[in-house]
**Q** 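Attaching a single structure in structure tokens format; questions to follow.
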Amino acid sequence: MLYQLYEAQRSLMEPFSDFAQAASKLYGPGAVWSQLPMAQRMAAGYDLLYRLGKDYEKPEFNIKSVKVDGEDVVIQEAVELNLPFCELRRFKRFTDEPHILKTLKSQPVVLIVAPLSGHYATLLRDTVRTMLQDHKVYITDWKNARLVPLSEGEFHLDDYINYVQEFIRRLQAEYGNCHVVSVCQPTVPVLAAVSLMASRGEPLPLTMTMMGGPIDARKSPTAVNNLATNKSFEWFENNVIYRVPQGFPGAGRKVYPGFLQHTGFVAMNPDRHASSHYDYFKDLIKGDDASAEAHRKFYDEYNAVLDMDADYYLETIRTVFQDFDLVNGTWDVKSPAGQVERVRPQDIHATALLTVEGELDDISGSGQTEAAHSLCTGIADAKREHFEVKGAGHYGIFSGRRWRDQVYPKVRNFIAASDEPQRRAGAREELPAEDRIKPGQKVAAARKAPTAAKKAVTVKAAPAAKKPAAARKPRASAAR
């Protein structure tokens with residue numbers, strides 16, 4: 001009933017929220033009542049009420065361009081693989097500058113595994129935007145479970161691991177190799193996925209970068225860890241799991257609702273959030289648009305939450321935070337074929353390992369991520385590193401100034417040190433669309449300077465280059 005009550009409350013609040021938004025505009029600068037006494041305070045108050053009561057939908061990544069070697073490179077999102085509970089999302093890069101094409105071609109391929117722990121993958125927007133300067137970037141964009149029909153079946157922690165392996169194989173088939181970056185929750189299933197691939201003798205990612213995750217949640221336990229250990233598995237099953245109500249595609253599916261997760265987030269630091277909202281109110285009164293917009297951007301992301309499938313959530317609680325199966329060496333995972341396999345991190349040899357922790361992380365405590373090194377005993381010391389970010393909290397290691405100035409250079413250099421030339425599958429020796437021309441550029445225009453273009457995008461294609469321009473087939477449009 002709780003989910004139904006929440007939806008009823010949200011529906012009742014919607015007209016009041018819309019009214020508050022309209023009233024804020026009426027009292028705003030240049031509006032009808034803007035000259036009345038206290039108009040600015042009234043506008044600020046109504047705006048705050050609107051933001052406290054509105055429904056926050058899934059945000060967009062909204063990354064339009066990045067700088068590569070000082071030049072603007074256009075970004076276009078594309079879904080490379082659409083699975084029932086996740087999309088593999090690619091950020092294509094477009095340019096028509098020959099020297100930039102050469103740079104883009106040689107850059108490493110990175111799979112960013114985003115958390116499935118309440119927020120959307122857009123929480124890593126800053127991570128993606130920064131990494132696009134030096135890498136081909138893909139990300140796991142997990143779906144809201146309440147939008148997944150029951151006909152798609154259940155989603156377990158084992159399925160998460162199998163998804164990650166499928167994505168890795170996809171990139172390896174396309175490029176010959178890849179690197180994996182996992183942030184927070186996925187550090188555990190990513191380590192399991194790579195371990196299972198190693199045990200089978202499959203090609204492995206060149207590097208694993210693990211940032212702020214609960215590899216060993218027994219170390220420096222935080223409030224998140226204590227909640228999971230102080231409550232029984234049955235308590236979670238009986239108190240936080242609800243069925244999606246009618247009106248959603250996933251009606252009837254058992255989930256851990258996003259609104260409960262959000263309540264937990266806020267309850268961890270209620271004073272900080274109250275102070276932030278009051279500061280927003282004061283910024284609106286002062287006319288500090290920059291600070292007000294920064295507040296909006298943060299809470300547009302922070303307040304947008306998704307439901308998690310109940311099986312996945314409960315199994316994560318038991319496996320990671322209660323039984324510690326990974327560090328105890330007792331974790332068995334079922335493959336898509338139904339075969340049960342033991343997770344053995346010690347079987348990983350070829351993959352380099354970087355762990356990153358924030359000194360002030362209040363979600364994954366000190367030493368929890370670094371514990372991956374004690375499990376991956378097969379990795380040589382020369383291929384492993386650990387980095388603690390002084391003064392950084394949980395979000396600071398993948399977003400904001402400390403991420404860009406301290407963490408990213410370390411991650412970029414670590415990946416570059418282990419990167420290898422890309423070997424494309426089959427006969428695909430030409431660059432992908434992202435590395436050729438800008439969206440909308442006519443192919444005929446791209447052939448105006450054939451000599452420069454051939455040098456930048458052709459790999460060992462001397463016979464084809466000797467043909468006259470009229471005889472050559474034009475390359476496919478960039479917007480493929």
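As a basis for the values below, the full set of heavy atoms in this structure was taken, side chains included, without hydrogen atoms, waters or symmetry mates.
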**Q** Against Tyr408, only a single residue in Thr130, Asn413, Asp134, Asp126 fulfils side-chain hydrogen bond (donor to acceptor under 3.5 Å, both in side chains); can you say which?
**A** Asp134
**Q** I'd like to know whether NZ of Lys219 has more than 12 heavy-atom contacts from other residues, nucleotides or ligands below 6.0 angstrom.
**A** no
**Q** State plainly whether the residues Arg51 and Asp300 are in salt-bridge range, i.e. N to O under 4.0 Å.
**A** yes
**Q** Can you list every pair that meets ring pair (Phe, Tyr, Trp, His ring centres under 6.0 Å) and has a residue in residues 49-80, with sequence neighbours left out?
**A** Phe61-Phe91
**Q** Could you check whether any side-chain N or O of Gln185 sits under 3.5 Å from a backbone N or O of Pro214, counting only pairs where one atom can act as donor and the other as acceptor?
**A** no
**Q** Measure from the side-chain N and O atoms of Lys390 to the backbone N and O of Gly358, and report whether any donor-acceptor pair falls under 3.5 Å.
**A**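 Pair absent, no side-chain N/O of Lys390 close to backbone of Gly358.
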**Q** Under 4.0 Å between a side-chain nitrogen and a carboxylate oxygen: does that hold for Arg125 and Glu301?
**A**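 Looking at Glu301 together with Arg125, the answer is yes, because their closest N to O distance falls below 4.0 Å.
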**Q** Is Glu293 paired with Arg296 through a side-chain N to carboxylate O contact shorter than 4.0 Å?
**A**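 The answer is yes: the pair qualifies as a salt bridge.
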**Q** Strictly under 6.0 Å, is that where the ring centroids of Phe155 and Tyr163 end up?
**A** yes
**Q** For residues Tyr138 and Phe167, establish whether the separation of their ring centroids is below 6.0 Å.
**A** no
**Q** Counting distance only, does the side-chain N/O of Ser34 pair as donor-acceptor with the main-chain N or O of Ala31 below 3.5 Å?
**A** yes
**Q** Hey, is Arg90 close enough to Glu77 for a salt bridge, meaning N to O under 4.0 Å?
**A**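 No salt bridge links Arg90 with Glu77.
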**Q** Determine the minimum heavy-atom distance between Leu132 and Val68, stating which atoms define it.
**A** O-CG2, 4.2 Å
**Q** Taking only distance into account, with no hydrogens and no angle test, what donor-acceptor pairs under 3.5 Å do side-chain atoms of residues 245-259 form with protein atoms, sequence neighbours excluded?
**A**
unit_1 : atom_1 : unit_2 : atom_2 : d
Arg253 : NE     : Val148 : O      : 3.1
Arg253 : NH1    : Gly153 : O      : 2.9
Arg253 : NH1    : Asp309 : OD2    : 2.9
Arg253 : NH2    : Val148 : O      : 3.4
Arg253 : NH2    : Pro149 : O      : 2.7
Arg253 : NH2    : Gly153 : O      : 3.0
Tyr256 : OH     : Gln261 : OE1    : 3.1

**Q** With Gln368 as reference, evaluate Asp216, Asp361, Asn225 under the side-chain hydrogen bond (donor to acceptor under 3.5 Å, both in side chains) test and give the passing residue.
**A** Asn225
**Q** Test the Lys410-Phe387 pair against the cation-pi criterion, namely NZ or CZ under 6.0 angstrom from the six-membered ring centroid and within 45° of the ring axis.
**A** yes
**Q** Would the Tyr395 and Trp403 ring centres measure less than 6.0 Å apart?
**A** no
**Q** Any salt bridge between Asp141 and Lys58, counting N to O under 4.0 Å?
**A** yes
**Q** For residues His277 and Tyr299, establish whether the separation of their ring centroids is below 6.0 Å.
**A** yes
**Q** Should the ring pair His119 and Tyr302 be called parallel, tilted or perpendicular, given that the plane angle runs from 0 to 90° and is split at 30 and 60?
**A**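 If you compare the ring of His119 with that of Tyr302, the planes turn out tilted.
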